[in-house]
Trainee: 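Below is a structure I'd like to ask you about.
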Amino acid sequence: YRAMSTATSAVDELHGEFRRRLEQTLQTVHAWDSPHSCQTTIPQIRASLPWDDLRNDHGGPYAEPHRDAFLPGGAQGRFVQRLARYFQRNVMTWVNAPNCSNATCVNNNSSNNSSSNNSESRMEHVETRGPLSQHELQGQASRVEVWRCLDC
C-alpha cells in the first residue's frame, strides 16, 4: 500500500508540474494576444500561416494520410497535427547543443546542430533554471538552459 501511495503521489506531482507549465504557456499566449499588449506576435503568426495547406483534406505538404486517419478529433485534430508539422518543418530550429559564445573558440568551427549528427559536442549542459538576468526576464523566459564549453 505504501509503495502504491508513493507512486500515486509522484504521478500527482508530475501532473501538477505539467498543469503549471501548461497554464504558464497559456498565460504567455494570452498576453501576446491581449489588446493592451504592444506586441503584434499573434496577428503576425496568423498572417504567415499557410491556411489552405493546413485545412486541405485532399493532401497538401502537411498531410500524412497514413497517420492522420487515426487522429482523434476529426478535422480539428488533423488541423492541429498539420499545424505542428508546419512549425516543426518551417519555423523551429532544432539544436542539440549551442555553439560556444566565445568567437575565437575552436568549438565553433564544427556545427553542433541536429542536422550534422556531430556526436563529439564540446558543450556540456550544466543546468536548467529559471530566468535570472535582466535579458532573460525581459524576454519572459520561463526556463533557461546553461551550457559550458569544454574547450574554453
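All residue numbers refer to positions in the sequence shown, counting from 1.
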Trainee: Is Leu83 linked to Tyr62 within one hydrophobic cluster, defined over Ile, Leu, Val, Met, Phe, Trp and Tyr using a side-chain heavy-atom separation of less than 4.5 Å?
Mentor: yes
Trainee: How about CD on Gln76, more than 12 heavy atoms from neighbouring residues, nucleotides or ligands closer than 6.0 Å, or not?
Mentor: no
Trainee: In Å and rounded to the nearest 0.5 Å, what is the CZ to CH2 distance from Phe79 to Trp51?
Mentor: 4.5 Å
Trainee: Hey, does the side chain of Arg122 reach the backbone of Cys149 with a donor-acceptor pair shorter than 3.5 angstrom?
Mentor: no
Trainee: Between Asp68 and Arg85, is there a side-chain N and carboxylate O pair less than 4.0 Å apart?
Mentor: yes
Trainee: For Trp147 and His125, take the angle between the two ring planes, folded into 0 to 90°, and tell me which bin it lands in: parallel under 30, tilted 30 to 60, perpendicular over 60.
Mentor: perpendicular
Trainee: Can you name the nearest heavy-atom pair linking Arg89 to Pro61, along with the distance?
Mentor: NH1-O, 2.8 Å
Trainee: Under 3.5 Å, is there a donor-acceptor pair between the side chain of Glu136 and the main chain of Ser133?
Mentor: yes
Trainee: Atom CG in Leu132, atom CG in Leu137: separation rounded to 0.5 Å?
Mentor: 7.5 Å
Trainee: In plain terms, say whether Glu17 and Arg20 are close enough for a salt bridge, that is, a side-chain N and a carboxylate O under 4.0 Å apart.
Mentor: yes
Trainee: Report the distance from atom CG of Leu54 to atom CZ of Arg82, rounding to the nearest 0.5 Å.
Mentor: 8.0 Å
Trainee: Tell me the closest heavy-atom pair linking Ser142 and Pro131, and the distance in Å.
Mentor: O-CD, 3.9 Å
